[in-house]
There are 2 protein chains.
Amino acid sequence: MAGHLDKNPHESPYQRLQRQLGDLIAASEPGTKLPTEPDLAAQMGVSRSTLREAMRSFEAQGLLIRRQGAGTFVVGKSGVFETGIEVLESLETIASRLKLKISMGESQIETIQADEDMAKCFEVRKGTSLLCVTRVMHAEGRSIAFLQDILPRDILPLKDLQETFTGSVLDMLIRRGKPPLEKSFTEINAVSAPSRVARALEIQRGDVLLMFEADLFALDGSAVDHSRSYFLPGYFRFHVLRKIGVP
Amino acid sequence: MAGHLDKNPHESPYQRLQRQLGDLIAASEPGTKLPTEPDLAAQMGVSRSTLREAMRSFEAQGLLIRRQGAGTFVVGKSGVFETGIEVLESLETIASRLKLKISMGESQIETIQADEDMAKCFEVRKGTSLLCVTRVMHAEGRSIAFLQDILPRDILPLKDLQETFTGSVLDMLIRRGKPPLEKSFTEINAVSAPSRVARALEIQRGDVLLMFEADLFALDGSAVDHSRSYFLPGYFRFHVLRKIGVP
DNA sequence: CATTAAGATATGTTTAGACAATCCTCATGG
DNA sequence: CCATGAGGATTGTCTAAACATATCTTAATG
């Protein structure tokens, strides 16, 4: 990216480190195992902590994958899930269209009690039982998304969920056809990975994630699902076509 | 948020730290200066590094502001820039509608040479001169967004920019009325703050930012502007209404 | 009274090291 | 040949400390 605020573009040691790391990654074939952290730190003349800090941003961009006990590997930039967000679609649908593979990893279906926010969302009493479906989605041999849906018990039979769930609550609802769905209101933000999500996604706690928090509405206006989806940034490219507003 | 993958919700020391910090912040009036990092670390029984790591996520949520040499302050959650992204509007327009104050801080207008990407974007030869407008936007006494627009020299007179620019290239283009604008194609992602952006936004390098990278098109289909906007997550709530797709 | 400089305070960055947790390889035994 | 366990390799987390940088306060001087 050209242009910057600092008139004197003198490179700090950390920026030099970033550039050198970027060069090393660019020069390595996908699948390459990089030197160990202690070795790389020594080569680049920085401490292991400083190197790790720099590596985090490359991992966030999907250029590296680090595996505890195994090593650090360069990732090929092939399977990016690219889609517009004007239309709500499941990851499976997007994958199918892009001819990419995605699968559901670890998952969990449980019953929870509505807290104040959920009670308000579904217009039920606090403490009402809700279904919570949590899973990790995998592509290219790693976890790339952590998804969680909360929905009233009567919206999807628990039995169906337990027997046929393959990763998308939305697809199940669409296939089932009732209630008929109308729209989703989705909030978008960047978050620092909470410990539990980080563990599930095999990243460091505190790493950068893109999060969509959404309410799904039926035609009759009632909320039928509340979801939180955490995406590893380097594996997704979301975009939106925007009309021009009038000030 | 209820529900989690770990069946045994035993709290790790770091999670305990996060909870305690969250409680402390919630219990403090906006504007409160927290104990110094060494003191707080001692009180919470962790090292200063671990405390700093935990504080980063609160700063990302806009709950804290840290100022080098001055201290750490609790932030009141009042002025969140909330808007749909179906329509492209400047921060000033959004602020005006929400009755929030925003102003332009440090800015820079310079001429740059088109690299390969920019040459392709604007359909010009590599090396062609382009204008680059970079600025930091302030609200509530702090930097909350780092914005950068790149545009061909003939789209906006440099003189006009230098004399009347107050923060929004979009608003200038709309007021000028030519070329007539049609739409913006915006990519959305979460990024780890690069050093220069971090410095401008007064955050730690590597912190979480929401980034929009956009191409603005005129009615005749030509690209008239390419921009990158970095947003401090806690100060913005972007949302989108999504139609339901068919798998 | 205003300005400036020095000292104190506090966050930002870097380093080194220790230990925990995970993964991989190799040797051994069934 | 396969399973298992031990040991080595490597990343993840935490700690302590040092130094850089920024801010604030206070004292001295004009």
For nucleotides 12-14 of chain C, give me every protein contact, N/O to N/O, under 3.5 Å, one pair per line with atom names.
| from | atom 1 | to | atom 2 | distance (Å) |
| --- | --- | --- | --- | --- |
| C:dG12 | OP2 | B:Arg52 | NH1 | 2.6 |
| C:dG12 | OP2 | B:Arg52 | NH2 | 3.0 |
| C:dG12 | OP2 | B:Arg66 | NH1 | 3.2 |
| C:dG12 | N7 | B:Arg48 | NH2 | 2.7 |
| C:dG12 | O6 | B:Arg48 | NH1 | 3.3 |
| C:dT14 | OP2 | B:Arg205 | NH1 | 3.0 |
| C:dT14 | OP2 | B:Arg205 | NH2 | 2.3 |

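For B:Arg142, the CZ atom is densely surrounded, since the number of other residues' heavy atoms within 6.0 Å is greater than 12. Crowding of A:Gln162 atom CD: a count of heavy atoms from other residues, nucleotides or ligands under 6.0 Å exceeding 12. Environment of CD in A:Glu163: crowded, with over 12 heavy atoms of neighbouring residues, nucleotides or ligands closer than 6.0 Å. Within 6.0 Å of CD on B:Glu116 lie no more than 12 heavy atoms contributed by other residues, nucleotides or ligands.
Looking only at side-chain heavy atoms (C-beta outward), B:Leu201 and B:Asp207 stay at 4.5 Å or farther from each other. For the pair A:Ser192/B:Arg56, no side-chain contact is recorded, criterion being any heavy-atom separation below 4.5 Å from C-beta on.
Contact check of residues 16-34 of chain B against DNA chain D (heavy atom, cut-off under 4.0 Å) returns no residues at all.
Spacing between atom CG of A:Leu40 and atom P of C:dT15 amounts to 13 Å, rounded to whole angstrom units. A straight line from CD1 of A:Ile65 to P of C:dC23 spans 11 Å, rounded to a whole angstrom.
Side chains of B:Ser184 and B:Thr186: a donor on one and an acceptor on the other come within 3.5 Å. Side-chain atoms of A:Ser227 and A:Ser229 include no donor-acceptor pair closer than 3.5 Å.
Note on B:Arg199: only backbone sugar-phosphate atoms sit closer than 4.0 angstrom, heavy atoms only; bases stay farther off.
Where DNA chain D meets chain B (any atom under 4.0 Å from a heavy atom), the bounding nucleotides read 5' to 3' are D:dC14 to D:dT23.
Ring orientation note: the planes of A:Phe231 and A:Phe212 are nearly perpendicular, at an angle over 60° on the 30°/60° scale. Classified by interplanar angle (parallel below 30°, tilted 30° to 60°, perpendicular above 60°), the ring pair B:Phe236/B:Phe81 is tilted.
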